Number of protein chains: 2
Amino acid sequence: MSKYSGVKATRMVIEYRQQIADHCDVVLVDEARVRAAEANLVDGLTATHMAETFQALSDPTRVRIISTLAQQELCVCDLAAVLGMSQSAISHQLRLLRVMGLVRHRKEGRMVYYVLDDEHIQHLFQEGLEHARHGRRGVADRSS
Amino acid sequence: MSKYSGVKATRMVIEYRQQIADHCDVVLVDEARVRAAEANLVDGLTATHMAETFQALSDPTRVRIISTLAQQELCVCDLAAVLGMSQSAISHQLRLLRVMGLVRHRKEGRMVYYVLDDEHIQHLFQEGLEHARHGRRGVADRSS
DNA sequence: TTGACACCTGAATACTTGCTCATATATTAC
DNA sequence: GTAATATATGAGCAAGTATTCAGGTGTCAA
(Lines give C-alpha, C1' and ligand atoms only; values in the text may rest on other atoms or scores of the structure.)
Protein backbone atom coordinates (compact mmCIF):
# COMPACT_ATOMS: atom_id res chain seq x y z
CA MET A 1 0.00 0.00 0.00
CA SER A 2 2.81 2.37 0.87
CA LYS A 3 3.89 1.94 -2.73
CA TYR A 4 1.18 4.40 -3.72
CA SER A 5 1.45 6.79 -0.81
CA GLY A 6 3.35 9.60 -2.43
CA VAL A 7 6.71 7.86 -2.39
CA LYS A 8 7.15 8.36 -6.11
CA ALA A 9 6.21 12.02 -5.88
CA THR A 10 8.74 12.56 -3.14
CA ARG A 11 11.44 10.88 -5.16
CA MET A 12 10.61 13.06 -8.15
CA VAL A 13 10.86 16.20 -6.09
CA ILE A 14 14.22 15.13 -4.73
CA GLU A 15 15.43 14.47 -8.25
CA TYR A 16 14.15 17.87 -9.34
CA ARG A 17 16.07 19.59 -6.56
CA GLN A 18 19.20 17.77 -7.59
CA GLN A 19 18.71 18.96 -11.15
CA ILE A 20 18.44 22.54 -9.96
CA ALA A 21 21.48 22.09 -7.75
CA ASP A 22 23.57 20.69 -10.58
CA HIS A 23 25.39 23.52 -12.22
CA CYS A 24 24.59 23.94 -15.88
CA ASP A 25 27.58 24.56 -18.09
CA VAL A 26 25.64 25.31 -21.24
CA VAL A 27 26.13 28.86 -22.44
CA LEU A 28 22.93 30.90 -22.50
CA VAL A 29 21.86 32.11 -25.91
CA ASP A 30 19.26 34.67 -24.88
CA GLU A 31 19.65 35.49 -21.20
CA ALA A 32 16.62 37.78 -21.01
CA ARG A 33 14.33 35.05 -22.29
CA VAL A 34 15.91 32.51 -19.98
CA ARG A 35 15.36 34.74 -16.93
CA ALA A 36 11.74 35.41 -17.93
CA ALA A 37 11.12 31.71 -18.44
CA GLU A 38 12.70 30.82 -15.12
CA ALA A 39 10.48 33.33 -13.35
CA ASN A 40 7.24 31.96 -14.81
CA LEU A 41 8.09 28.26 -14.82
CA VAL A 42 5.72 26.07 -12.84
CA ASP A 43 7.54 24.78 -9.77
CA GLY A 44 8.76 21.21 -9.56
CA LEU A 45 6.10 20.05 -7.13
CA THR A 46 3.26 21.38 -9.26
CA ALA A 47 4.83 19.88 -12.37
CA THR A 48 5.03 16.55 -10.59
CA HIS A 49 1.38 16.76 -9.52
CA MET A 50 0.32 17.61 -13.06
CA ALA A 51 2.40 14.79 -14.48
CA GLU A 52 0.79 12.35 -12.02
CA THR A 53 -2.69 13.39 -13.05
CA PHE A 54 -1.88 13.05 -16.74
CA GLN A 55 -0.18 9.76 -16.08
CA ALA A 56 -3.38 8.43 -14.55
CA LEU A 57 -4.95 8.97 -17.98
CA SER A 58 -1.96 7.75 -19.98
CA ASP A 59 -3.08 4.16 -20.45
CA PRO A 60 -5.79 2.95 -22.87
CA THR A 61 -7.34 0.68 -20.26
CA ARG A 62 -7.66 3.52 -17.78
CA VAL A 63 -8.99 5.86 -20.46
CA ARG A 64 -11.69 3.33 -21.25
CA ILE A 65 -12.50 2.88 -17.57
CA ILE A 66 -12.89 6.65 -17.20
CA SER A 67 -14.94 6.77 -20.39
CA THR A 68 -17.29 4.14 -18.99
CA LEU A 69 -17.59 5.72 -15.57
CA ALA A 70 -18.23 9.10 -17.17
CA GLN A 71 -21.63 7.75 -18.20
CA GLN A 72 -22.69 5.85 -15.09
CA GLU A 73 -21.68 4.19 -11.89
CA LEU A 74 -20.62 0.56 -12.38
CA CYS A 75 -19.37 -2.35 -10.29
CA VAL A 76 -15.97 -3.95 -10.86
CA CYS A 77 -17.44 -7.07 -12.37
CA ASP A 78 -19.48 -5.20 -14.98
CA LEU A 79 -16.55 -2.91 -15.76
CA ALA A 80 -14.46 -5.99 -16.48
CA ALA A 81 -17.21 -7.33 -18.71
CA VAL A 82 -17.55 -4.04 -20.63
CA LEU A 83 -13.82 -3.79 -21.23
CA GLY A 84 -13.36 -7.51 -21.92
CA MET A 85 -10.56 -7.83 -19.39
CA SER A 86 -9.92 -9.84 -16.26
CA GLN A 87 -11.43 -8.69 -12.97
CA SER A 88 -7.93 -8.65 -11.47
CA ALA A 89 -6.52 -6.34 -14.12
CA ILE A 90 -9.43 -3.93 -13.71
CA SER A 91 -9.14 -4.03 -9.93
CA HIS A 92 -5.45 -3.13 -10.12
CA GLN A 93 -6.18 -0.18 -12.41
CA LEU A 94 -9.09 0.96 -10.27
CA ARG A 95 -6.86 1.08 -7.24
CA LEU A 96 -4.45 3.27 -9.15
CA LEU A 97 -7.26 5.58 -10.26
CA ARG A 98 -8.58 5.65 -6.69
CA VAL A 99 -5.20 6.53 -5.19
CA MET A 100 -4.72 9.19 -7.87
CA GLY A 101 -8.08 10.64 -6.86
CA LEU A 102 -9.83 10.17 -10.19
CA VAL A 103 -12.53 7.77 -8.98
CA ARG A 104 -14.44 7.05 -5.79
CA HIS A 105 -15.93 3.77 -4.63
CA ARG A 106 -19.02 2.82 -2.69
CA LYS A 107 -19.53 -0.59 -1.11
CA GLU A 108 -22.92 -2.24 -1.26
CA GLY A 109 -22.86 -5.74 0.18
CA ARG A 110 -20.16 -7.61 -1.61
CA MET A 111 -20.28 -5.33 -4.64
CA VAL A 112 -18.14 -2.24 -5.04
CA TYR A 113 -19.40 0.55 -7.28
CA TYR A 114 -17.09 3.09 -8.84
CA VAL A 115 -17.77 6.65 -10.09
CA LEU A 116 -15.67 9.56 -11.26
CA ASP A 117 -14.53 11.63 -8.30
CA ASP A 118 -15.47 15.06 -9.69
CA GLU A 119 -16.40 16.86 -12.89
CA HIS A 120 -12.86 18.15 -13.22
CA ILE A 121 -11.85 14.72 -14.43
CA GLN A 122 -14.67 14.88 -16.98
CA HIS A 123 -13.20 18.13 -18.33
CA LEU A 124 -9.75 16.64 -18.71
CA PHE A 125 -11.21 13.57 -20.35
CA GLN A 126 -13.30 15.65 -22.76
CA GLU A 127 -10.32 17.85 -23.70
CA GLY A 128 -8.33 14.73 -24.44
CA LEU A 129 -11.17 13.28 -26.48
CA GLU A 130 -11.46 16.48 -28.54
CA HIS A 131 -7.76 16.48 -29.19
CA ALA A 132 -7.76 12.80 -30.15
CA ARG A 133 -10.75 13.10 -32.50
CA HIS A 134 -9.80 16.12 -34.56
CA GLY A 135 -6.43 17.76 -35.01
CA ARG A 136 -5.00 14.27 -35.04
CA ARG A 137 -2.74 13.53 -37.97
CA GLY A 138 -1.47 10.21 -36.70
CA VAL A 139 1.79 9.67 -34.92
CA ALA A 140 3.52 8.03 -37.88
CA ASP A 141 3.28 11.21 -40.00
CA ARG A 142 5.50 13.20 -37.70
CA SER A 143 8.59 11.05 -37.46
CA SER A 144 10.73 13.55 -39.37
CA MET B 1 13.33 6.45 -35.22
CA SER B 2 10.92 3.62 -35.99
CA LYS B 3 10.49 3.35 -32.25
CA TYR B 4 8.34 6.45 -32.33
CA SER B 5 6.52 5.80 -35.60
CA GLY B 6 3.28 4.40 -34.29
CA VAL B 7 4.66 0.98 -33.52
CA LYS B 8 3.52 1.21 -29.94
CA ALA B 9 0.07 2.38 -30.98
CA THR B 10 -0.24 -0.55 -33.34
CA ARG B 11 0.78 -2.97 -30.65
CA MET B 12 -1.74 -1.48 -28.26
CA VAL B 13 -4.53 -1.82 -30.79
CA ILE B 14 -3.60 -5.44 -31.42
CA GLU B 15 -3.66 -6.09 -27.68
CA TYR B 16 -7.03 -4.38 -27.42
CA ARG B 17 -8.48 -6.59 -30.15
CA GLN B 18 -7.19 -9.65 -28.37
CA GLN B 19 -8.88 -8.48 -25.19
CA ILE B 20 -12.17 -8.09 -27.02
CA ALA B 21 -11.72 -11.49 -28.64
CA ASP B 22 -11.05 -13.22 -25.33
CA HIS B 23 -14.31 -14.44 -23.93
CA CYS B 24 -15.21 -13.02 -20.57
CA ASP B 25 -16.44 -15.54 -18.03
CA VAL B 26 -17.46 -13.04 -15.40
CA VAL B 27 -21.20 -13.08 -14.77
CA LEU B 28 -22.91 -9.79 -15.56
CA VAL B 29 -24.53 -8.08 -12.60
CA ASP B 30 -26.59 -5.49 -14.41
CA GLU B 31 -26.86 -6.42 -18.06
CA ALA B 32 -28.75 -3.29 -19.09
CA ARG B 33 -26.04 -1.04 -17.74
CA VAL B 34 -23.35 -3.18 -19.33
CA ARG B 35 -25.02 -2.97 -22.74
CA ALA B 36 -25.43 0.80 -22.41
CA ALA B 37 -21.81 1.20 -21.40
CA GLU B 38 -20.60 -0.98 -24.25
CA ALA B 39 -22.57 1.11 -26.74
CA ASN B 40 -21.10 4.42 -25.57
CA LEU B 41 -17.56 3.27 -24.81
CA VAL B 42 -14.85 5.08 -26.74
CA ASP B 43 -13.30 2.67 -29.23
CA GLY B 44 -9.88 1.17 -28.65
CA LEU B 45 -8.12 3.28 -31.25
CA THR B 46 -9.46 6.54 -29.83
CA ALA B 47 -8.62 5.39 -26.31
CA THR B 48 -5.08 4.67 -27.49
CA HIS B 49 -4.78 8.11 -29.11
CA MET B 50 -6.04 9.79 -25.96
CA ALA B 51 -3.69 7.76 -23.80
CA GLU B 52 -0.78 8.79 -26.04
CA THR B 53 -1.61 12.46 -25.72
CA PHE B 54 -1.92 12.23 -21.96
CA GLN B 55 1.25 10.22 -21.84
CA ALA B 56 3.10 13.03 -23.56
CA LEU B 57 2.22 15.18 -20.54
CA SER B 58 2.80 12.47 -17.95
CA ASP B 59 6.36 13.39 -17.04
CA PRO B 60 7.48 16.37 -14.90
CA THR B 61 10.26 17.28 -17.32
CA ARG B 62 7.87 17.40 -20.25
CA VAL B 63 5.30 19.34 -18.22
CA ARG B 64 7.96 21.92 -17.43
CA ILE B 65 9.03 22.08 -21.06
CA ILE B 66 5.43 22.70 -22.11
CA SER B 67 5.04 25.25 -19.32
CA THR B 68 8.10 27.12 -20.59
CA LEU B 69 7.09 26.99 -24.24
CA ALA B 70 3.59 28.16 -23.34
CA GLN B 71 5.14 31.54 -22.61
CA GLN B 72 7.58 31.95 -25.46
CA GLU B 73 9.59 30.29 -28.18
CA LEU B 74 12.96 29.00 -26.96
CA CYS B 75 16.00 27.18 -28.33
CA VAL B 76 17.13 23.82 -26.99
CA CYS B 77 20.15 25.27 -25.24
CA ASP B 78 18.13 27.84 -23.31
CA LEU B 79 15.46 25.31 -22.49
CA ALA B 80 18.14 23.11 -20.97
CA ALA B 81 19.41 26.08 -18.97
CA VAL B 82 15.92 26.99 -17.70
CA LEU B 83 15.19 23.45 -16.61
CA GLY B 84 18.69 22.83 -15.28
CA MET B 85 19.07 19.64 -17.25
CA SER B 86 21.43 18.31 -19.89
CA GLN B 87 21.00 19.27 -23.52
CA SER B 88 20.77 15.61 -24.41
CA ALA B 89 17.94 14.90 -21.99
CA ILE B 90 15.97 17.90 -23.26
CA SER B 91 16.61 16.99 -26.88
CA HIS B 92 15.32 13.47 -26.30
CA GLN B 93 12.15 14.77 -24.66
CA LEU B 94 11.64 17.39 -27.38
CA ARG B 95 11.78 14.70 -30.02
CA LEU B 96 9.08 12.83 -28.16
CA LEU B 97 6.93 15.94 -27.89
CA ARG B 98 7.53 16.67 -31.57
CA VAL B 99 6.56 13.16 -32.67
CA MET B 100 3.50 13.33 -30.42
CA GLY B 101 2.56 16.59 -32.13
CA LEU B 102 2.70 18.82 -29.05
CA VAL B 103 5.52 21.09 -30.24
CA ARG B 104 6.90 22.41 -33.54
CA HIS B 105 10.45 23.41 -34.34
CA ARG B 106 12.02 26.06 -36.53
CA LYS B 107 15.64 26.03 -37.60
CA GLU B 108 17.64 29.23 -37.67
CA GLY B 109 21.26 28.63 -38.49
CA ARG B 110 22.54 26.09 -36.05
CA MET B 111 19.87 26.92 -33.51
CA VAL B 112 16.53 25.14 -33.32
CA TYR B 113 13.61 26.99 -31.75
CA TYR B 114 10.63 25.17 -30.29
CA VAL B 115 7.03 26.34 -29.74
CA LEU B 116 3.75 24.70 -28.77
CA ASP B 117 2.03 23.27 -31.82
CA ASP B 118 -1.44 24.69 -31.16
CA GLU B 119 -3.61 26.22 -28.46
CA HIS B 120 -5.27 22.89 -27.87
CA ILE B 121 -2.18 21.84 -25.97
CA GLN B 122 -2.45 25.03 -23.92
CA HIS B 123 -6.00 24.06 -22.93
CA LEU B 124 -4.92 20.61 -21.80
CA PHE B 125 -2.01 22.09 -19.91
CA GLN B 126 -4.21 24.67 -18.22
CA GLU B 127 -6.81 22.05 -17.23
CA GLY B 128 -4.05 19.99 -15.71
CA LEU B 129 -2.66 23.01 -13.88
CA GLU B 130 -6.09 23.86 -12.44
CA HIS B 131 -6.55 20.33 -11.26
CA ALA B 132 -3.09 20.23 -9.71
CA ARG B 133 -3.41 23.58 -7.94
CA HIS B 134 -6.80 23.22 -6.29
CA GLY B 135 -8.87 20.14 -5.61
CA ARG B 136 -5.58 18.46 -4.78
CA ARG B 137 -5.57 16.68 -1.46
CA GLY B 138 -2.25 14.94 -1.94
CA VAL B 139 -1.74 11.41 -3.08
CA ALA B 140 -0.82 10.09 0.37
CA ASP B 141 -4.26 10.93 1.83
CA ARG B 142 -6.04 8.48 -0.41
CA SER B 143 -4.22 5.22 0.23
CA SER B 144 -7.24 3.59 1.89
C1' DT C 1 -20.84 -24.28 8.55
C1' DT C 2 -20.07 -24.66 3.91
C1' DG C 3 -19.79 -22.94 -0.43
C1' DA C 4 -20.24 -19.45 -3.86
C1' DC C 5 -19.37 -14.96 -5.14
C1' DA C 6 -17.31 -10.07 -5.63
C1' DC C 7 -13.42 -8.04 -4.97
C1' DC C 8 -8.47 -7.20 -3.42
C1' DT C 9 -3.54 -7.94 -3.42
C1' DG C 10 1.52 -9.61 -3.71
C1' DA C 11 4.80 -11.76 -6.62
C1' DA C 12 6.49 -12.65 -11.06
C1' DT C 13 7.31 -11.33 -15.71
C1' DA C 14 7.76 -8.92 -19.98
C1' DC C 15 7.75 -4.48 -21.50
C1' DT C 16 8.46 0.60 -21.33
C1' DT C 17 10.76 4.84 -19.98
C1' DG C 18 14.12 8.72 -18.78
C1' DC C 19 18.37 9.58 -18.12
C1' DT C 20 23.69 9.60 -19.16
C1' DC C 21 27.50 8.94 -22.06
C1' DA C 22 29.68 8.88 -26.27
C1' DT C 23 29.31 10.14 -30.74
C1' DA C 24 27.30 11.99 -35.11
C1' DT C 25 25.60 15.87 -38.02
C1' DA C 26 25.31 20.49 -39.34
C1' DT C 27 26.37 25.30 -39.14
C1' DT C 28 29.50 29.12 -38.30
C1' DA C 29 34.06 31.38 -37.56
C1' DC C 30 38.80 31.40 -38.39
C1' DG D 1 40.74 23.15 -44.49
C1' DT D 2 40.24 23.11 -38.66
C1' DA D 3 37.90 24.33 -34.44
C1' DA D 4 33.98 25.53 -31.94
C1' DT D 5 29.09 25.42 -31.28
C1' DA D 6 24.06 23.72 -31.34
C1' DT D 7 21.55 19.97 -31.76
C1' DA D 8 20.35 15.00 -32.61
C1' DT D 9 20.74 10.22 -31.69
C1' DG D 10 21.96 5.25 -30.39
C1' DA D 11 23.28 2.18 -26.70
C1' DG D 12 22.84 0.98 -22.12
C1' DC D 13 21.09 0.94 -17.53
C1' DA D 14 18.13 1.65 -13.58
C1' DA D 15 13.59 2.28 -12.51
C1' DG D 16 8.69 2.02 -13.45
C1' DT D 17 4.43 -0.32 -15.38
C1' DA D 18 0.50 -3.56 -16.89
C1' DT D 19 -0.77 -7.77 -16.92
C1' DT D 20 -1.34 -12.73 -15.18
C1' DC D 21 -1.46 -16.02 -11.61
C1' DA D 22 -2.37 -17.71 -7.23
C1' DG D 23 -4.33 -16.93 -3.27
C1' DG D 24 -6.63 -13.82 0.34
C1' DT D 25 -10.75 -11.17 2.62
C1' DG D 26 -15.42 -10.25 3.43
C1' DT D 27 -20.45 -11.01 2.29
C1' DC D 28 -24.43 -13.69 1.42
C1' DA D 29 -27.39 -17.89 1.03
C1' DA D 30 -28.44 -22.59 1.93
Side-chain angles (χ1 to χ4, degrees), chain A residues 1-4 7-9 11-12 15-16 18-19 22 25-30 51-52 55-56 58-65 74-81 83-100 105-114 143-144, chain B residues 1-4 7-9 11-12 15-16 18-19 22 25-30 51-52 55-56 58-65 74-81 83-100 105-114 143-144:
Chain A
M1 192 56 68
S2 66
K3 186 180 174 190
Y4 294 111
V7 172
K8 188 182 160 198
R11 195 186 59 74
M12 285 169 137
E15 276 179 2
Y16 169 65
Q18 283 175 340
Q19 288 158 13
D22 287 348
D25 53 357
V26 180
V27 180
L28 303 188
V29 172
D30 186 334
E52 278 176 347
Q55 184 158 44
S58 72
D59 172 83
T61 298
R62 287 194 295 270
V63 165
R64 294 198 299 144
I65 288 176
L74 223 53
C75 69
V76 179
C77 170
D78 284 355
L79 255 176
L83 302 191
M85 296 179 64
S86 76
Q87 181 271 319
S88 179
I90 298 296
S91 190
H92 274 294
Q93 297 291 23
L94 282 172
R95 179 168 64 154
L96 241 164
L97 289 172
R98 192 172 4 112
V99 171
M100 298 294 232
H105 65 300
R106 170 176 78 78
K107 295 191 73 165
E108 190 176 313
R110 54 190 143 175
M111 321 279 286
V112 179
Y113 290 91
Y114 281 84
S143 35
S144 69
Chain B
M1 189 56 67
S2 65
K3 186 179 174 188
Y4 293 112
V7 172
K8 188 183 161 198
R11 196 186 57 75
M12 285 168 139
E15 275 179 3
Y16 168 66
Q18 284 174 340
Q19 288 157 10
D22 286 348
D25 53 358
V26 179
V27 180
L28 302 189
V29 171
D30 186 334
E52 279 176 347
Q55 184 157 44
S58 73
D59 173 82
T61 299
R62 288 195 294 271
V63 165
R64 289 160 72 224
I65 289 176
L74 223 53
C75 69
V76 179
C77 170
D78 284 355
L79 255 175
L83 302 192
M85 296 179 64
S86 76
Q87 179 270 319
S88 178
I90 299 298
S91 190
H92 275 294
Q93 296 291 22
L94 282 172
R95 179 169 63 156
L96 239 164
L97 290 172
R98 188 168 12 105
V99 172
M100 298 293 234
H105 64 301
R106 170 177 78 78
K107 294 192 72 166
E108 190 175 313
R110 55 187 144 179
M111 321 280 287
V112 178
Y113 290 91
Y114 282 83
S143 34
S144 67

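By convention in this document, chain letters (A, B, ...) are assigned in the order of the sequence lines, proteins followed by strands, and residues within each chain are numbered from 1. It should be emphasised that the depicted structure is a prediction, and the values quoted were computed from it without experimental measurement.
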Check: A:His92 side chain, D:dT20 base, donor-acceptor under 3.5 Å: yes
Straight-line distance of B:Asp78 CG to B:Ile90 CD1, nearest 0.5 Å: 11.5 Å
Length of the line joining B:Leu97:CG and D:dT7:C1', which is rounded to integer Å: 16 Å
Given D:dA18, D:dA8, C:dC8, the nucleotide with the shortest approach to the side chain of B:Val112: D:dA8
B:Arg95 side-chain proximity, nearest of C:dG18, D:dA8, D:dT9: D:dT9
Sugar-phosphate, base or nothing in reach of B:Tyr114, heavy atoms under 4.0 Å: sugar-phosphate
Per-nucleotide protein contact string for nucleotides 22-30 of chain C, where B marks a base within reach and S marks sugar-phosphate only (heavy atoms under 4.0 Å, - for neither): B----BS--
Nucleotide D:dT7, atom C1' - distance to CD of B:Gln93 in whole Å: 15 Å
Minimum-distance nucleotide to A:Met111 side chain [options: C:dA6, D:dT7, C:dG18]: C:dA6
First encountered from the 5' end of DNA chain D, between A:Ala89 and B:Ser91: B:Ser91
Counterpart residues, side-chain hydrogen bond (donor to acceptor under 3.5 Å, both in side chains), relative to B:Arg110 (two or more places apart): none
Nearest-Å distance for atom pair OH/P, residues B:Tyr113 and D:dT7: 8 Å
Nearest-Å distance for atom pair CG/C1', residues B:Leu94 and D:dA8: 11 Å
